[in-house]
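Here is how names work: the chains are called A, B, and so on, in the same order as the sequence lines, proteins then strands, and each is numbered from 1. None of these values were measured; they are calculated from a predicted model.
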Amino acid sequence: MAREFTEQEEVRRAALDRLHEEGVRPYGYGWDVTHHAEEVLASYDDAKHGAEDAAEPVERFEVSLAGRIMSRRIMGKASFLHLQDESGQIQVYVRRDDLPEGFYNTVFKKLLDIGDIIGVTGFAFRTRMGEVSVHAERVELLAKALRPLPVEKETDGKVFNEITDKEFRYRQRYVDLIVHPDVRSVFKQRATIISGMRRFLDERGYIEVETPVLQPVYGGAAARPFKTHHNALGMPLFLRIADELYLKRLIVGGFDGVYEISKDFRNEGLSRYHNPEFTMMELYVAYRDYGWMMSLVEEMVETLAIALHGKPEVTSGERTISLARPWRRLPLFDAIAEKTGRDLRGLERDALASVATELGLEVDGAMGSGKIIDEVFGEFVEPHLIDPVFITDYPVELSPLAKRHRTKEGLVERFEAIVNGKELCNAFSELNDPIDQRSRFEDQVALGRRGDSEAMQLDEDYLRALEYGMPPAAGLGVGIDRLTMLLTGQDSIRDVILFPLLKPEAASEQEQAPDGP
RNA sequence: GAUCCCGUAGCUCAGUUGGCAGAGCAUCUGACUUUUAAUCAGAGGGUCCCUGGUUCGAGCCCAGGCGGGAUCACCA
């Protein structure tokens, strides 16, 4: 079914036909780019290239750029436009008499539009109004835009044509990126964070590995998986919810430090903090424990913040948060006591339940003591932890893969870093006792039988690996999306994921996709 | 899943007690060789989300639906 075109689309399609008639190729093959807009602006030198009132420049500043037309000011025999490339925008001055016969009047004025991608060569100069610009001597169309671009115009705080519809911005991220430089900037910063993290880990000698996304047995976290099917083997497979168990197999295999930066998938709800596929960095280091890992985390996050902002500080709304080392280390029960005034240490399940109820939580019979403690923490403590803090020593039943605490009964050597009221990472001294691990898995299987859809599966092969002997090790998982939110000051995960999951688009524009084989 | 809010031109939004569908920007035509929200003169553009109801008359009131957002709950 043919889509109806808007008036502006009709105009552009008519222009496309005219271009063909005029013998102008509307979609080019490339352009020899010598400069980006920002470089020209940064390296322009009035003394050499001419100030606005200078007679003749000492030397011509030859440039060749390519980009998108973002605005046009057309006059009789000369025009201005703003060209946007990846680096930013620069003004271009186009004169009829500098271009081939007829090009200015028939092609440039009539057939080019905002949104078209062009190549420009010429020389940089400073206009009478003082703006460094490119005096075009050659203009070529590289790609005709058939849809109008919602380009913003701004003057003295008044903004016209701004796209504020979040849905539009997420669905048509390519448009969002064109018209919002700050959105481009967030994703450049995301790349800086990931490459900085990779460098940090590589410098320490840890090896980047790749483990299966499709897993016959999923594990390593408490979450519901996506299920799929392999036709040739006729077997169900799960998209990984974590990398953990495979990475620890590699520690068994003799690697002393391995990490993986990858997508994990969890079949759960969407929110400001949750997308069904998200990016995780997991790291495992042999012969280290969780105390050592805390030092590594604070150093890594501080390093990344400095790389991004020049100082170990981030902002969230009005708030400035210092990420400078060292971070406070606070046992979970102390944190709860500090914020609620209640000491939960050593309390039995029913006593915990009544304290939680007094605090105003709803407790149902299915919740074990670990779950209740977790609820109290999540409700009354975590949201109030703004400055970075390591919360340590969690109940054993919440952490089936963590090593029992060396001195504290019923707890494991686990920590989460909390910043700005949200978990940034999760880590522990890894459980390497195969007998204990088997019984923890069995507890999980029992939970699963009682209907806990997030309980872990028993992974026989992982136990086999542990039975060969795994060195003591520290493990870490960092949510890259949330780290990026923190370091770039974004308050929705959708603003740090290029293409967040959305409901399918209503059938108006999108042809219904046929089902796969 | 629950609650609240929103849906009018390409974009942002007005739209009075229910009485001819509006503005800015964008688009089109013409003028203009240093503009920058260019300017000046003119023009076109609407399934007011959908369906039904009330009414002489509905963008507005009512009911149902669809789409979206925000908050809450599970999870990183």
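- A/R12 meets the side chain to side chain donor-acceptor pair (under 3.5 Å) test with no other residue; sequence neighbours excluded.
- When the C1' atom is compared between B/U51 and B/C13, the two are found 27 Å apart, to the nearest whole Å.
- A straight line from CG of A/L146 to C1' of B/G10 spans 14 Å, rounded to a whole angstrom.
- In this structure, A/I74 reaches the bases: a heavy-atom distance under 4.0 Å links it to at least one base atom across the strands shown.
- For the pair A/K422 and B/C75, the criterion of a side-chain N or O lying under 4.0 Å from OP1 or OP2 is not met.
- Taking the side chain to side chain donor-acceptor pair (under 3.5 Å) definition, one finds that A/S87 meets it with A/D85, sequence neighbours left out.
- Between A/F441 and A/Y462, the ring-plane angle classifies as perpendicular under the 30° and 60° cut-offs.
- We find that A/D443 and A/R440 are not joined by a salt bridge, their nearest charged nitrogen and carboxylate oxygen being 4.0 Å or further apart.
- Residue contacts shown for A/F265 are absent, as no nucleic acid heavy atom lies under 4.0 Å away.
- The residue A/D97 sits close to a base: some heavy atom pair falls under 4.0 Å.
- Between the C1' atoms of B/G42 and B/U17, the separation comes to 38 Å (whole Å).
- As rounded to whole Å, 13 Å separates atom C1' of B/G30 from atom CG of A/N105.
- Take A/Q444 and apply the side chain to side chain donor-acceptor pair (under 3.5 Å) test, not counting sequence neighbours, and it matches no residue.
- Within the shown strands, nothing qualifies as a pairing partner of B/A21 under the Watson-Crick or G-U definition with both distances less than 3.5 Å.
- A sub-4.0 Å separation between OP1 or OP2 of B/U35 and a side-chain N or O of A/K77 is absent.
- For A/A473, the side-chain contact (heavy atoms from CB on, under 4.5 Å) partners two or more places apart in sequence, or in a different chain, are A/I251, A/E430.
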Got a list of protein N/O to nucleotides 69-73 of chain B N/O distances below 3.5 Å?
residue	atom	partner	partner atom	Å
B/G69	OP1	A/R494	NH1	3.2
B/U71	OP1	A/R272	NH1	3.4

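- Under the 30°/60° scheme for interplanar angles, the aromatic rings of A/H49 and A/Y44 are found to be tilted.
- Between the CG atom of A/D98 and the P atom of B/U34 there is a distance of 13 Å, given to the nearest Å.
- Under a 4.0 Å N-O distance rule, the pair A/E9/A/R13 does not qualify as a salt bridge.
- Of the charged side-chain nitrogens involved, at least one lies within less than 4.0 Å of a carboxylate oxygen, so that A/D46 and A/R126 count as a salt-bridged pair.
- Atoms CE (A/M70) and C1' (B/C25) sit 14 Å apart, rounded to a whole Å.
- Distance, A/L111 CG to B/C28 C1': 13 Å, rounded to whole Å.
- Here the side chain of A/T6 is nearest to one of B/G10, B/U33, B/C75, namely B/G10.
- B/G59 and B/U33 are spaced 48 Å apart, taking the C1' atom of each and rounding to whole Å.
- The nearest whole Å value for the distance from the CD1 atom in A/I178 to the C1' atom in B/C11 is 15 Å.
- A straight line from CD of A/E423 to P of B/C75 spans 11 Å, rounded to a whole angstrom.
- Mapping A/F80 and A/D113 onto RNA chain B by nearest heavy atom places A/D113 closer to the 5' end of the strand.
- Contact annotation for A/D491: no contact, since no heavy-atom pair falls under 4.0 Å across all strands.
- Comparing B/G64 with B/C5, their P atoms sit 14 Å apart, to the nearest whole Å.
- The gap from the P atom of B/U39 to that of B/U34 amounts to 15 Å, rounded to the nearest Å.
- Among the protein residues, A/A242 comes within range of no part of the nucleic acid, since none of its heavy atoms lies under 4.0 Å from any strand.
- Side-chain proximity of A/M75 to B/U27, B/C74, B/U35: nearest is B/U35.
- Contact between the side-chain N/O atoms of A/R73 and the OP1/OP2 oxygens of B/A38 is found at a separation under 4.0 Å.
- Between the base of B/U35 and the side chain of A/Q91 there is a donor-acceptor pair shorter than 3.5 Å.
- B/U34: no Watson-Crick or G-U partner with both key distances under 3.5 Å is found in any strand.
- The base-pairing partner of B/A26, taking Watson-Crick or G-U wobble contacts with both distances under 3.5 Å, does not exist among the strands shown.
- Annotation: B/G68 and B/U8 have their C1' atoms spaced 16 Å apart (nearest Å).
- Across B/A14 and B/C60, the matching C1' atoms stand 13 Å from one another, rounded to whole Å.
- In this structure A/E62 satisfies the salt bridge (Lys or Arg N to Asp or Glu O under 4.0 Å) test together with A/R60, sequence neighbours excluded.
- With P as the reference atom, B/G24 and B/G44 are 14 Å apart, rounded to whole Å.
- Using the Watson-Crick or G-U wobble rule with both distances under 3.5 Å, B/G64 pairs with B/C50.
- Residue contacts for A/G76: at a heavy-atom cut-off of 4.0 Å it reaches a base atom on one of the strands shown.
- The stretch residues 366-385 of chain A participates, sequence neighbours left out, in these salt bridge (charged side-chain N to carboxylate O under 4.0 Å, His left out) pairs: A/K371-A/E375.
- Pair assignment for B/U3: B/A70, on the basis of Watson-Crick or G-U wobble contacts that are both within less than 3.5 Å.
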Sort me out a list of protein N/O and nucleotides 43-45 of chain B N/O pairs below 3.5 Å, or just none if empty.
residue	atom	partner	partner atom	Å
B/G44	N2	A/E7	OE1	2.5
B/G44	N2	A/E7	OE2	3.3

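- For A/T357, there are no side chain to side chain donor-acceptor pair (under 3.5 Å) partners two or more places apart in sequence or in a different chain.
- Sparse packing is recorded around CZ of A/R224, with 12 or fewer heavy atoms of other residues, nucleotides or ligands lying under 6.0 Å away.
- One donor-acceptor pair, N or O on each side, does fall under 3.5 Å between the base of B/U35 and the side chain of A/T127.
- Taking atom CD on A/Q84 and atom P on B/U36, their separation rounds to 21 Å, with Å as the unit.
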